[in-house]
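Note that ligands are numbered from 1 as they come in the structure, with each ligand's atoms numbered from 1 the same way.
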Amino acid sequence: MDLHSHFSIDIASVFGKLKRSARRSELWPALSHEPSRFLGINPPVNRHFDPPSHQTDMGLLSILKKVKEKEKEVRLLILGLDNAGKTTILRKFSGEPIDKIEPTLGFNIKTLEHGGYRLNFWDVGGQRTIRAYWRNYFERTDGLIWVVDSSDRRRLELCRDELHDLLSQEKLAGASLLILANKQDLAGAAPADEIAKVIGLEKSDKFTKRHWSIHGCSAVAGSGLADGMDWMISDIANRIFMLS
Ligand code: G3D
Ligand code: MG
């Protein structure tokens, strides 16, 4: 597998205000207890494809980039089937307690300041009846975080189909895609590379023109989340804020 082959920029180099030597705990204080290694977590896999130049109107793109740069806002949409762990992940990022999480019937929004940027996280409920409303949240999304319950093998194919449907949506065409293979702490959880295969990351043409990365993680243990977020933010920052 291709490991980090195209992503040599680390988060510290992307956000100039952070020291190059910044440690994980400084970057993601809420995840400072994260162990550096966690059983069952596979190395992340990344792919990076630049869109063909004819697909982008460079004039419009540069105006949009300037606006984004001024606002320094990043909009992240967290989606996945119900019970995948989306709300738990968001709570963990925010340093909030993760017990007593109710199923999300609408959505949760959280804003975190990070490296001089405002990260707006949108966590939308994943129940079957609510999925039809996901499209109301696509506008201006910079990054899509797709959360998978790796222990729910029965629904992996449904999970793949829902993701493929999402990726057909024009409004999400430019969004970086981070797949979090969550619940790796549970015995029998499918490892990230197995999930990558089911989803068709290497094979399906849904992914050929997209920046994507998959990471095994456990929201409960807090492991693997920071790596995934570092990739997501550096990819977005590199794509939107660093290009002139
Ligand atoms: P959702 O927002 O995607 O619907 P939630 O999912 O965040 O509400 O989590 C659903 C259930 O999965 C919760 O359990 C939560 O504790 C559990 N969960 C989330 N992440 C992990 C993980 O990494 N490991 C394990 N073992 N469990 C996780 P309950 O029992 O409250 O329904
Ligand atoms: Mg939820």
Side-chain angles (χ1 to χ4, degrees), residues 24 28 30-44 75-112 119-138 141 143-163 165-166 177-196 198-199 213-230 232:
R24 165 66 29 80
W28 294 106
L31 302 176
S32 57
H33 301 303
E34 178 179 3
S36 55
R37 287 260 177 272
F38 190 76
L39 273 182
I41 293 202
N42 288 326
R75 183 179 158 109
L76 301 170
L77 185 57
I78 309 181
L79 294 178
L81 300 184
D82 50 296
N83 206 48
K86 301 179 290 296
T87 306
T88 311
I89 285 172
L90 188 52
R91 292 259 181 104
K92 199 77 180 174
F93 278 140
S94 319
E96 294 173 10
I98 58 169
D99 51 342
K100 300 195 195 103
I101 294 180
E102 301 291 326
T104 310
L105 296 177
F107 60 89
N108 300 306
I109 312 174
K110 285 251 181 302
T111 300
L112 300 182
L119 309 179
N120 296 317
F121 290 86
W122 291 72
D123 159 31
V124 186
Q127 290 90 337
R128 192 174 51 80
T129 46
I130 301 181
R131 284 176 221 151
Y133 299 98
W134 281 355
R135 72 173 93 93
N136 298 333
Y137 300 86
F138 294 163
T141 293
L144 172 63
I145 302 174
W146 180 255
V147 183
V148 181
D149 178 347
S150 312
S151 69
D152 188 1
R153 289 169 177 271
R154 215 170 35 86
R155 291 204 297 170
L156 278 186
E157 279 163 12
L158 172 63
C159 171
R160 173 200 59 202
D161 294 345
E162 291 287 354
L163 176 60
D165 273 2
L166 264 186
L177 172 66
L178 168 66
I179 300 173
L180 291 176
N182 191 32
K183 306 199 185 180
Q184 291 293 324
D185 58 296
L186 294 179
D193 58 354
E194 188 180 328
I195 288 172
V198 174
I199 289 177
S213 183
I214 182 166
H215 295 252
C217 71
S218 164
V220 164
S223 54
L225 296 177
D227 279 347
M229 281 308 299
D230 283 352
M232 169 66 93

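- Distance screen at 4.0 Å: atom 29 (P) of ligand 1 has no protein heavy-atom neighbour inside the cut-off.
- Backbone or side-chain N, O or S atoms of Thr87 reach the Mg ion (ligand 2) at under 2.8 Å.
- Within 4.0 Å of atom 13 (C) of ligand 1, not a single protein heavy atom is present.
- Under the 4.0 angstrom criterion, atom 9 (O) of ligand 1 counts as having a protein heavy-atom contact.
- With respect to atom 16 (O) of ligand 1, the closest heavy atom belonging to the protein is Thr88 OG1, 4.3 Å.
- The two residues Thr104 and Ile130 make their nearest non-hydrogen contact at O-CD1, 3.8 Å.
- At a 4.0 Å heavy-atom cut-off, ligand 1 touches Asn182 through the side chain alone.
- Which of Lys86, Glu102, Lys183 comes nearest to atom 3 (O) of ligand 1 through a heavy atom is settled by distance: it is Lys86.
- Some N or O of Ala219 is nearer than 3.5 Å to an N or O of ligand 1, by distance alone.
- Between the side chains of Ser223 and Gln184, no donor-acceptor pair is found at a separation under 3.5 Å.
- For ligand 1 and Asp185, the ligand atoms under 4.0 Å from any heavy atom of the residue are 22 (C), 23 (O), 24 (N), 25 (C), 26 (N).
- The distance from ligand 1 to the heavy atoms of Ser218 drops below 4.0 Å at these ligand atoms: 23 (O).
- Between atom 4 (O) of ligand 1 and the options Leu79, Val124, Ile89, Asn83, the minimum heavy-atom separation is to Asn83.
- Distance alone, capped at 3.5 Å, is enough to place a donor-acceptor pair between the Lys86 side chain and the Leu81 backbone.
- When only non-hydrogen protein atoms are considered, atom 6 (O) of ligand 1 lies nearest to Gly85 N, 3.0 Å.
- Nearest approach of Thr88 to Ala219, heavy atoms of both residues: CG2-CB, 3.8 Å.
- Here the closest heavy-atom approach between residue Leu180 and residue Cys217 is recorded as CB-SG, 3.9 Å.
- With a 4.0 Å cut-off on non-hydrogen atoms, Val220 touches ligand 1 through its backbone as well as its side chain.
- For Ala84, a nitrogen or oxygen atom sits less than 3.5 Å from a nitrogen or oxygen atom of ligand 1, counting backbone and side chain alike.
- Within ligand 1, counting atoms from 1 as listed, the ones closer than 4.0 Å to a heavy atom of Thr87 are 2 (O), 7 (O).
- Applying salt bridge (Lys or Arg N to Asp or Glu O under 4.0 Å) to Arg131 and the options Asp165, Asp82, Asp161 leaves one that passes, Asp82.
- Applying the side chain to side chain contact (heavy atoms under 4.5 Å, CB included) test between Asn182 and each of Asp152, Val147, Asp149 identifies Val147 as the sole match.
- A distance of 8.5 Å separates CG of Asp123 from CG of Leu79, quoted to the nearest 0.5 Å.
- Leu144 and Thr141 get closest at one heavy-atom pair: N-CG2, 4.3 Å.
- Counting the atoms of ligand 1 from 1 in the order shown, those under 4.0 Å from a heavy atom of Leu186 are 26 (N).
- The pair Arg153-Glu194 counts as a salt bridge, with a side-chain nitrogen and a carboxylate oxygen less than 4.0 angstrom apart.
- For Thr104, the nearest N, O or S atom to the Mg ion (ligand 2) falls under 2.8 Å.
- Leu76 and Met229 make their closest contact through CD1-CE, 3.9 Å (heavy atoms, listed as atom of the first residue, atom of the second, distance).
- For atom 31 (O) of ligand 1, the nearest non-hydrogen atom of the protein is Ile101 O, 4.4 Å.
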